[in-house]
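Below is one structure, written out as structure tokens; comments come after it.
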Amino acid sequence: MKVGPLVFAYSGSFLASFSVSVSAFAGIETKPSVAPVHTRFPTHLHQFASTAQQQGLIDVTDIYSPRDVYSMEAWAAQYGMQKADGVELFSPDGGNDYTLVAQSGASAGQTVVYVPVDIVLNSMSAQAEFGAGLQQAEASILQIDQMAQMGSQYRLPLFRLMVKILSEWEKGQESLWYPWLNSLPRQFFNGVSMTKACFNCLPPYAGWLTSTEKVSYMHFFRALYQGYVPLSQETIANRDVVKWAYNVALTRFHEIWEPERAKIIGPVADMLNHAAEPNCEITVDYGGNVNVNALYDIPAGTPLTISLGDPTNPTPIFAKYGFLPQDCSTIFCKAMQLEPQIQDLGYDFQELLIQTETGEIAPKVWDIFLYNILQQNDAGASQQFCTACQCNDEGTKEQFHDEYFAYTLGALKQHIYSIMSDCENLTMKAQSYDLQTHPRVPVIVAHNQLVTQTFGMTAALLEQMG
């Protein structure tokens with residue numbers, strides 16, 4: 001996963017399709033389904049261990065502690081994890097960022113990584129393991145979210161994963177998953193990890209998405225603090241550990257939909273990075289085993305990648321995972337002030353885009369600005385235009401755009417220049433922060449600069465129009 005001054009990608013989370021599959025490594029002798037006796041993997045990095053680590057616990061606040069990734073790989077292999085020939089873990093920066101690389105290439109459809117169910121963390125299994133206490137805590141989440149008018153039912157599997165991670169963390173080296181936990185990053189750069197000062201340095205859309213991630217975490221923390229879940233009070237009261245466990249679950253899960261919706265994490269498979277055009281997909285068989293399959297022929301030396309979200313809109317990925325995709329071709333137009341108009345027309349944020357390479361504006365962006373103008377000046381015309389947009393009546397839409405072009409152009413110019421000015425000021429504000437206190441400044445600045453550069457090209461195009 002990428003860790004750098006402008007790009008931070010700690011996750012290997014992705015949607016996994018559920019399918020009947022047999023390991024492509026079936027011809028190789030595999031480990032038995034019954035897990036062998038757990039062997040601890042002492043690391044040569046023990047001299048850096050904190051007091052918590054000396055007690056058998058991982059010190060998640062030690063952000064400079066090297067990640068013991070290769071011991072994790074050896075542990076996973078002992079339990080039956082298998083990789084295709086030539087698939088290797090690789091760190092381009094000396095140990096902060098890790099990814100999987102197909103050094104020998106891969107063929108379309110080939111299984112490049114297989115993770116047995118024995119070491120897969122599963123929210124459904126956690127639900128059964130923690131029983132009534134977990135149910136009470138989840139009821140508390142539903143109540144908290146209802147008061148905040150947030151939907152939460154779909155997030156409960158994430159809570160179960162977080163509780164499982166906390167449970168294994170407090171077992172220390174006695175946990176089956178200790179080598180995996182000890183291989184994970186300690187520091188995250190997403191919305192959950194941001195402060196109010198960070199939110200104040202982001203434009204409205206990014207600020208809304210990142211703060212929403214933070215609120216979701218806080219609701220989980222409040223529910224956990226009720227004491228229903230069978231965790232020690234010391235663990236529950238440790239905000240650093242709880243936030244770390246939440247971020248691990250949030251940024252590394254795979255989602256399955258059958259036999260029922262669940263979130264799972266497959267060690268080693270969670271090391272894949274994001275790409276707008278991924279070369280791998282994840283499947284989970286009926287036994288709960290995780291398979292990483294090549295979508296097409298992969299050249300030798302190519303990193304294995306999956307999709308972490310919509311490649312046309314990088315801001316949700318930025319908010320959830322804490323990095324800015326460098327291969328994004330579009331960004332949201334940032335017209336959060338027109339959300340009522342967006343809803344009226346039946347449009348989605350994913351349709352309201354601006355090209356990052358040219359600054360070109362998507363047609364539906366022009367629609368929402370014209371609709372807002374008509375609402376303010378001619379109720380009858382606004383209703384006609386709304387109906388045309390909802391019915392995809394391009395002829396009527398074109399007539400309205402031709403008639404009111406000068407007004408729409410002016411409104412768009414005002415919006416573009418306003419966002420550019422805001423981003424420049426927010427960037428200067430972020431750059432005034434101390435990086436030791438606010439380590440997320442670089443990724444915030446990178447986001448704002450992408451918006452400023454893109455909107456600068458858009459402004460130039462609009463000026464050419466009149």
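These numbers were taken from a predicted model, which means no experiment stands behind them.
- Within the structure, the salt bridge (charged side-chain N to carboxylate O under 4.0 Å, His left out) test picks out the following pairs touching residues 348-359 (sequence neighbours left out): Glu351-Lys364.
- Residue pairs meeting the ring-ring contact (aromatic ring centres under 6.0 Å, His included) criterion with at least one partner in residues 372-394, sequence neighbours excluded, are Phe385-Phe400, Phe385-His401.
- Applying the side chain to side chain donor-acceptor pair (under 3.5 Å) test to Thr358 and every residue at least two apart in sequence or in another chain returns nothing.
- Applying the ring-ring contact (aromatic ring centres under 6.0 Å, His included) test to Phe199 and every residue at least two apart in sequence or in another chain returns nothing.
- The side chain to side chain contact (heavy atoms under 4.5 Å, CB included) test applied to Gln135 returns no partner, not counting sequence neighbours.
- Applying the side chain to side chain donor-acceptor pair (under 3.5 Å) test to pairs two or more places apart or on separate chains, those with a residue in residues 196-211 are Tyr205-Asn313.
- Considering CG of Leu353 and CD of Glu360, their distance stands at 11.5 Å, rounded to 0.5 Å.
- Phe369 and His415 have tilted rings, their planes meeting at an angle from 30° to 60° on a 0 to 90° scale.
- Qualifying side chain to side chain contact (heavy atoms under 4.5 Å, CB included) partners for Glu403, counting only residues two or more places apart in sequence or in other chains: none.
- In this structure, the ring of Phe405 has its center less than 6.0 angstrom from the ring center of Trp366.
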Before you tell me yes or no, could you show the steps for Thr315 and Ile331 under side-chain contact (heavy atoms from CB on, under 4.5 Å), namely the whole-Å CA-CA distance, both residues' side-chain angles and the distance that decides it to 0.1 Å? CA-CA 7 Å; Thr315 306; Ile331 60 175; 5.5 Å; no

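- Applying the ring-ring contact (aromatic ring centres under 6.0 Å, His included) test to Tyr417 and every residue at least two apart in sequence or in another chain returns nothing.
- Glu255 and Arg261 are joined by a salt bridge, as a carboxylate oxygen and a charged side-chain nitrogen come within less than 4.0 angstrom of each other.
- Among all heavy-atom pairs drawn from Val120 and Gly266, the shortest one is CG2-CA, 4.5 Å.
- By the ring-ring contact (aromatic ring centres under 6.0 Å, His included) test, Tyr407 is found to be paired with no residue, residues two or more places apart in sequence or in another chain being considered.
- Residue pairs meeting the salt bridge (charged side-chain N to carboxylate O under 4.0 Å, His left out) criterion with at least one partner in residues 407-421, sequence neighbours excluded, are Lys413-Glu463.
- A salt bridge (charged side-chain N to carboxylate O under 4.0 Å, His left out) check over residues 385-402, counting only residues at least two apart or in different chains, returns the pairs Asp367-Lys397, Glu394-Lys397.
- Between Trp180 and Glu168, the closest side-chain pair of non-hydrogen atoms is not below 4.5 Å.
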Check against side-chain contact (heavy atoms from CB on, under 4.5 Å), Thr452 and Glu424: CA-CA 7 Å; Thr452 302; Glu424 290 171 356; 3.9 Å; yes

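- With sequence neighbours excluded, no residue satisfies ring-ring contact (aromatic ring centres under 6.0 Å, His included) with Phe455.
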